[in-house]
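Bear in mind that the values here come from a model prediction, so they are computed numbers and not experimental data.
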Amino acid sequence: LTLIKDKSQFVVTLTQISLLTVDEDIEPPRSRPKPTTTPIPTTVLNQCFAQVDIVFVLDSSTSVGNDNYDKMKSFVTKFLHGANIDSGDVRVGLLSYSTKVTVEFKLNSYSTKADVFNAVNAIPWRYGSTNTADGLQTMHEELFNEANGDRPGVPNICIIMTDGVSN
C-alpha cells in the first residue's frame, strides 16, 4: 500500500465482499439497501488501453470463506470476459494469499482466455491469516517483472480483493 498511498484515485474500496455480485439477476438480501453503482462495461480494458498487463490479488483468508472466494473468482472471469487475451493485448496474472502467498499464474503463463478461465476456476481456497503485505510485495516483485511476462511500456493494473484488515 505504500506504493499507492498518494494515489488515492487508483484505489477503490469495497467494504463487504457480499456486495461483490457477479450476476446482475440476483437481488441482494432485503435487509441491506441495493448498492447504487454504475456497471463497468465488459470491454473497459479494450477501450482504455491497446495493451495492458493485469494482476488480480485474491484474499484467501479464513474470514473470506470458500463461498466468498468463489464469488471473487467468478468476478475475475466476468471482468475478463471482453478482454483481448487471445490476441496477446491483455496479459493476466493472479496470486492468492492467506498466511502464505501463492502465485497461481504469471503474466506469461497463459495466452488464451480459455486457459486463464480454467486456471482461475481451478484455484482452491486456502484458509489462514490475512497476510496482505506479503501478497502486495509478491505482486510487485514477482508478477510485475519482465522475466514473468510484464512488458515494458505497457500499463500495469492490479485489482486487490480482500475482506478487511491485514494481519
Side-chain angles (χ1 to χ4, degrees), residues 1-23 40 44-45 49 51-81 83 85-86 88-152 154-167:
L1 291 175
T2 303
L3 299 172
I4 61 172
K5 72 177 181 178
D6 296 326
K7 298 181 177 30
S8 61
Q9 72 270 25
F10 300 116
V11 178
V12 176
T13 304
L14 181 64
T15 56
Q16 294 178 310
I17 283 183
S18 60
L19 295 178
L20 179 63
T21 59
V22 293
D23 213 342
I40 298 172
V44 70
L45 293 177
F49 304 106
Q51 293 184 316
V52 66
D53 294 338
I54 185 166
V55 171
F56 291 89
V57 177
L58 305 184
D59 178 351
S60 179
S61 63
T62 302
S63 58
V64 169
N66 193 49
D67 289 344
N68 285 326
Y69 194 69
D70 285 344
K71 286 181 184 180
M72 288 192 281
K73 293 190 317 182
S74 183
F75 173 82
V76 170
T77 58
K78 291 207 179 211
F79 184 86
L80 294 172
H81 180 73
I85 296 170
D86 292 350
D89 289 340
V90 177
R91 290 188 183 177
V92 181
L94 191 146
L95 70 78
S96 62
Y97 68 92
S98 58
T99 304
K100 293 182 178 181
V101 177
T102 303
V103 174
E104 304 294 350
F105 55 92
K106 301 170 186 172
L107 290 165
N108 58 1
S109 295
Y110 301 110
S111 58
T112 69
K113 190 179 299 185
D115 288 344
V116 169
F117 286 10
N118 287 336
V120 170
N121 291 328
I123 298 169
W125 171 64
R126 297 177 182 95
Y127 62 89
S129 62
T130 309
N131 189 1
T132 309
D134 282 355
L136 294 176
Q137 183 172 355
T138 301
M139 173 270 302
H140 180 69
E141 293 175 356
E142 293 186 32
L143 289 174
F144 287 127
N145 172 313
E146 282 188 53
N148 294 328
D150 187 31
R151 298 171 286 180
V154 174
N156 292 333
I157 295 176
C158 174
I159 298 178
I160 305 164
M161 288 183 266
T162 183
D163 72 341
V165 180
S166 176
N167 295 344

Value rounded to 0.5 Å, distance of CG in D115 from CZ in F105: 10.0 Å
To the nearest 0.5 Å, tell me how far I54 CD1 sits from C158 SG. 8.5 Å
Show the numbers, then the answer: is there a side chain to side chain contact (heavy atoms under 4.5 Å, CB included) between D53 and N156? CA-CA 5 Å; D53 294 338; N156 292 333; 3.6 Å; yes
Sub-3.5 Å donor-acceptor pair from the side chain of S60 to the main-chain atoms of Y97, do we have one? no
Side-chain donor or acceptor of T99 paired with backbone N/O of S129 under 3.5 Å: yes
With a 3.5 Å distance limit and no angle check, can you tell me whether R151 reaches the backbone of V52 through a side-chain donor-acceptor pair? yes
Please check: side-chain N/O of T77 versus main-chain N/O of F117, any donor-acceptor pairing under 3.5 Å? no
If you count heavy atoms of other groups shown closer than 6.0 angstrom to NZ of K106, is the number above 12? no
To the nearest 0.5 Å, tell me how far L58 CG sits from K73 NZ. 9.0 Å
Between the CG atom in L94 and the CE atom in M72, the distance rounded to the nearest 0.5 Å is 10.0 Å
Take F144 and L107 through the test side chain to side chain contact (heavy atoms under 4.5 Å, CB included) and record every step on the way to the result. CA-CA 8 Å; F144 287 127; L107 290 165; 4.1 Å; yes
Hey, could you give me the CE/NZ distance between M161 and K71, rounded to the nearest 0.5 Å? 13.0 Å
So which of I123, D59, D163 actually passes side-chain contact (heavy atoms from CB on, under 4.5 Å) with Y69? I123
Looking at residues at least two apart in the chain, or sitting in another chain, which of them share a side-chain contact (heavy atoms from CB on, under 4.5 Å) with T138? L95, V101, V103, E142
